[in-house]
A.B. asks: 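Before I ask anything, let me first share the structure, which is written out below as structure tokens.
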Amino acid sequence: MMTDIAATRILILDDDPFILKLLQRMLANLGFSSVSSYENGEDALKLLDDAVARPDLILLDLNMPGMDGIEFVRHLVERQYSGSLILVSGEDERMLRTTEKLVQAHQIPILGYLQKPVQPEGLRALLMKLDLPSSRREDQRGTRKHYDAEAIRAAIESGELISHYQPKVRVATGAVAGVETLVRWRHPTDGVIYPDQFIGEAEKHGLISQLTQVVLKQAFFQARAWQKAGYELKVAVNVAMDNLTSLDFQDAVVKLAAEAEILPGKIVLEITESQLMGDVRVSLEILTRLRLKRFHLSIDDFGTGHSSLAQLRDIPFDELKIDQGFVHCASENETLRAIYDASLALARQLGMEAVAEGVESREDWELLRQTGCDLAQGNFIAQAMPAEALAGWMDQWHARIETESLVSSREGKV
Ligand code: C2E
Ligand code: MG
Ligand code: MG
């Protein structure tokens with residue numbers, strides 16, 4: 001939350017004077033006193049052109065005669081508006097979501113949307129996000145910085161990449177079935193850097209194989225350590241299709257597993273398509289051979305452009321991960337719910353286990369229980385953590401299952 005509420009400048013743009021008054025009153029009740037309101041876009045833009053009075057947040061109506069909300073957003077982009085935005089409209093949820101995506105594509109931080117009639121709790125919830133870069137991540141993620149190929153190469157070579165592990169649990173019993181390995185870069189001066197800031201660059205510059213080797217090795221040896229300590233966990237590693245351009249990959253994985261003395265059946269390879277798809281026949285051959293050796297294959301981010309039905313047709317996957325974009329809030333959004341249900345049904349019909357990603361709330365969890373999804377992963381259960389933290393977390397999780405009544409049957413307790 002922004003530290004100084006009174007100093008936060010807010011602009012409201014809505015052609016309905018009643019709504020302007022209403023929003024102003026709600027904001028005042030929450031302590032926001034520096035609020036200016038406008039009934040049309042042209043007037044509001046004048047304020048934006050005044051560098052001193054630039055707002056930190058704009059509440060924007062979509063449907064207005066004359067300049068509509070979408071056109072106003074275009075003017076914001078031209079003016080390099082750097083504050084945040086909340087959309088307000090009587091349009092249906094799908095329309096609001098589409099517009100939200102559009103605004104995001106322009107890189108304007110959007111806190112979310114409010115459907116008319118606006119409820120004070122809804123407004124308050126969105127304002128809580130003000131100035132919080134990303135409230136869902138395990139640490140507050142720092143500012144985005146560009147890392148070039150050389151820096152990434154050096155990081156791989158000097159051992160600055162470390163693995164964190166996020167639990168996957170059985171929805172029916174709460175049993176901890178496994179973990180997903182998620183790479184982080186412990187940067188000597190910039191702190192922890194998350195993969196979305198360097199995986200793409202690594203793929204572009206042919207560094208992804210080297211990166212994957214490092215992560216596979218850490219994950220396999222960690223799997224071995226957990227096995228020795230008596231934990232029955234499957235360990236998943238993310239593999240980009242780019243890794244599958246040379247037949248050496250198959251041999252490297254088999255060799256590493258042997259060195260770590262870990263059975264292939266304990267390893268899950270989570271596959272995503274990448275932009276630079278090479279020869280598909282080669283990747284098919286590699287995946288089929290790994291499957292023959294009993295490694296488990298998982299199709300990651302299912303339902304996004306990166307993971308398609310064609311892959312399902314061609315590759316013998318054991319597991320389907322429903323992308324987090326279709327899981328979180330699916331219980332209250334018809335469109336998401338339809339996609340979630342369809343993905344789950346597809347997994348069932350093809351004999352795969354379904355994993356719901358991005359389970360963030362109790363409502364999300366209840367939906368999985370109701371619909372019989374096999375596995376769950378997400379911040380509601382646990383964020384990714386260092387390997388050493390896992391045992392402690394498991395104790396807490398088992399306590400939570402009891403106190404919060406998260407499952408009905410307890411036979412699967414680990
Ligand atoms: P992914 O494989 O789909 O991994 C799940 C991502 O969602 C992780 O982000 C995880 O921290 C995040 N997440 C988990 N629970 C929640 C939740 O409840 N809400 C939200 N909003 N997010 C949640 P992370 O660690 O930043 O990884 C991002 C992506 O980077 C991964 O997506 C994966 O595609 C890629 N990646 C991570 N590690 C590796 C790796 O070693 N190799 C390759 N090739 N890609 C990797
Ligand atoms: Mg994954
Ligand atoms: Mg995923």
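Remember, it's 1-based here, ligands and their atoms both numbered in the order they're listed. This is a predicted model, so every value here is computed, not measured. FYI, the numbering just counts along the sequence from 1.
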A.B. asks: Is it true that the side chains of Thr335 and Arg97 contain a donor and an acceptor less than 3.5 Å apart?
C.D. replies: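 On atom types as modelled, these side chains do not qualify, holding no pair under 3.5 Å.
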A.B. asks: Does any N, O or S atom of Glu357, backbone or side chain, fall under 2.8 Å from the Mg ion (ligand 3)?
C.D. replies: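 Yes, since at least one N, O or S atom of Glu357 sits under 2.8 Å from the Mg ion (ligand 3).
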A.B. asks: Check for me whether Val359 has a heavy atom closer than 4.0 Å to any atom of ligand 1.
C.D. replies: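 Yes; Val359 lies near enough to ligand 1 that a heavy-atom distance drops under 4.0 Å.
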A.B. asks: Hey, are Glu353 and Arg170 close enough for a salt bridge, meaning a charged N less than 4.0 Å from a carboxylate O?
C.D. replies: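 Salt bridge flag = yes for Arg170 with Glu353.
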A.B. asks: Are Tyr165 and Trp226 an aromatic pair by the rule of ring centers under 6.0 Å?
C.D. replies: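 Between Trp226 and Tyr165, which both carry aromatic rings, the centre distance is below 6.0 Å.
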A.B. asks: Just give me the atom name: the N, O or S atom of Glu180 closest to the Mg ion (ligand 2).
C.D. replies: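 Nearest to the Mg ion (ligand 2) within Glu180's N, O and S set: OE2.
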A.B. asks: Please tell me if the side chains of Leu96 and Thr98 come closer than 4.5 Å, counting only heavy atoms from C-beta onward.
C.D. replies: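 The answer is no, as the side chains (C-beta and beyond) never meet within the 4.5 Å cut-off.
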A.B. asks: Going by the order shown, which atoms of ligand 1 are within less than 4.0 Å of some heavy atom of Asp301?
C.D. replies: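 So the atoms of ligand 1 that pass are 3 (O).
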A.B. asks: Under 4.0 Å from a heavy atom of Val215: give me the atoms of ligand 1 that qualify, with their elements.
C.D. replies: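 That gives atoms 41 (O) of ligand 1.
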A.B. asks: Is a donor from one side chain sitting under 3.5 angstrom from an acceptor on the other, for Asn63 and Ser89?
C.D. replies: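 Yes, side-chain donor-acceptor contact under 3.5 Å.
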A.B. asks: With a 4.0 Å cut-off on heavy atoms, does Gln377 reach ligand 1?
C.D. replies: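 Gln377: no contact with ligand 1 (<4.0 Å).
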A.B. asks: Please say whether Asp300 places an N or O atom under 3.5 Å from an N or O atom belonging to ligand 1.
C.D. replies: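 Such a contact does occur with ligand 1.
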A.B. asks: I'd like to know if the side chain of Ser331 pairs up with that of Tyr340 as donor and acceptor (distance under 3.5 Å, no hydrogens or angles considered).
C.D. replies: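 Ser331 vs Tyr340: no donor-acceptor pair found between side chains.
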A.B. asks: Output yes if Asp300 passes the N/O/S-under-2.8 Å test against the Mg ion (ligand 3); output no otherwise.
C.D. replies: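 Of the N, O and S atoms in Asp300, at least one lies under 2.8 Å from the Mg ion (ligand 3), which means yes.
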A.B. asks: Is the contact between Gln166 and ligand 1 made by the side chain, the backbone, both, or neither, using heavy atoms and a 4.0 Å cut-off?
C.D. replies: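 Under 4.0 Å from ligand 1, Gln166 contributes side-chain atoms alone.
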A.B. asks: When you look for heavy atoms under 4.0 Å from ligand 1, do you find them on the side chain of Val239, its backbone, both, or neither?
C.D. replies: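 No part of Val239 comes within reach of ligand 1.
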A.B. asks: Looking only at distances, can you tell me whether any N or O atom of Ile208, backbone or side chain, sits closer than 3.5 Å to an N or O atom of ligand 1?
C.D. replies: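 Such a contact does not occur with ligand 1.
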A.B. asks: Hey, are Thr304 and Asp301 close enough side-chain-wise for a donor-acceptor pair under 3.5 Å?
C.D. replies: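 The answer is no; no qualifying pair exists.
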A.B. asks: Could you tell me which atoms of ligand 1, counted from 1 in the order shown, lie closer than 4.0 angstrom to a heavy atom of Gly378?
C.D. replies: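 Here the atoms of ligand 1 in question are 15 (N), 18 (O).
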A.B. asks: With a 6.0 Å cut-off on the ring centroids, do Tyr194 and Trp185 count as close?
C.D. replies: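 No: the rings miss the under 6.0 Å criterion.
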A.B. asks: Please determine if Asn379 has a nitrogen or oxygen closer than 3.5 Å to a nitrogen or oxygen of ligand 1.
C.D. replies: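 N/O-N/O distance under 3.5 Å: yes.
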A.B. asks: Which bit of His164 gets closer than 4.0 Å to ligand 1, counting heavy atoms only: side chain, backbone, both or neither?
C.D. replies: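 No part of His164 is near ligand 1 at this cut-off.
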A.B. asks: Which atom name does Glu270 have for its N/O/S atom nearest to the Mg ion (ligand 2)?
C.D. replies: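 It is OE1 of Glu270.
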A.B. asks: Between Lys321 and Gln377, do the side chains contain an N or O donor and an N or O acceptor separated by less than 3.5 Å?
C.D. replies: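 The answer is yes; a qualifying pair exists.
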A.B. asks: Are Asp14 and Lys116 ion-paired here, with the side-chain N under 4.0 Å from a carboxylate O?
C.D. replies: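 Between Lys116 and Asp14 there is a salt bridge, with a charged N closer than 4.0 Å to a carboxylate O.
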A.B. asks: I'd like to know if Arg184 contacts ligand 1, where contact means a heavy-atom distance under 4.0 Å to any ligand atom.
C.D. replies: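 The answer is yes, since Arg184 has a heavy atom less than 4.0 Å from ligand 1.
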A.B. asks: Does Glu201 pair with Lys204 as a salt bridge, N-O distance under 4.0 Å?
C.D. replies: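 The answer is yes: the pair qualifies as a salt bridge.
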A.B. asks: Check the angle between the aromatic planes of Phe380 and Trp365 and answer parallel, tilted or perpendicular using the 30° and 60° thresholds.
C.D. replies: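 The arrangement is tilted - the two ring planes meet at 30° to 60°.
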A.B. asks: List every atom of ligand 1 that sits less than 4.0 Å from any heavy atom of Glu360, numbering the atoms from 1 in the order shown and giving each element.
C.D. replies: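 Within the 4.0 Å cut-off of Glu360, ligand 1 contributes 17 (C), 18 (O), 19 (N), 20 (C), 21 (N).
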A.B. asks: Which atoms of ligand 1 sit under 4.0 Å from any heavy atom of Ile199?
C.D. replies: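 In order of numbering, the contacting atoms are 42 (N), 43 (C), 45 (N), 46 (C).
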A.B. asks: Which of the atoms of ligand 1 are close to Gly358, meaning less than 4.0 Å from one of its heavy atoms?
C.D. replies: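 So the answer, numbered in order with elements, is 17 (C), 18 (O).
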A.B. asks: Do any nitrogen or oxygen atoms of Glu357 lie less than 3.5 angstrom from nitrogen or oxygen atoms of ligand 1?
C.D. replies: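 Yes, Glu357 has an N/O under 3.5 Å of an N/O on ligand 1.
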A.B. asks: How does Lys321 reach ligand 1, if at all, at less than 4.0 Å between non-hydrogen atoms: by side chain, backbone, both, or neither?
C.D. replies: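 For Lys321, no heavy atom sits under 4.0 Å from ligand 1.
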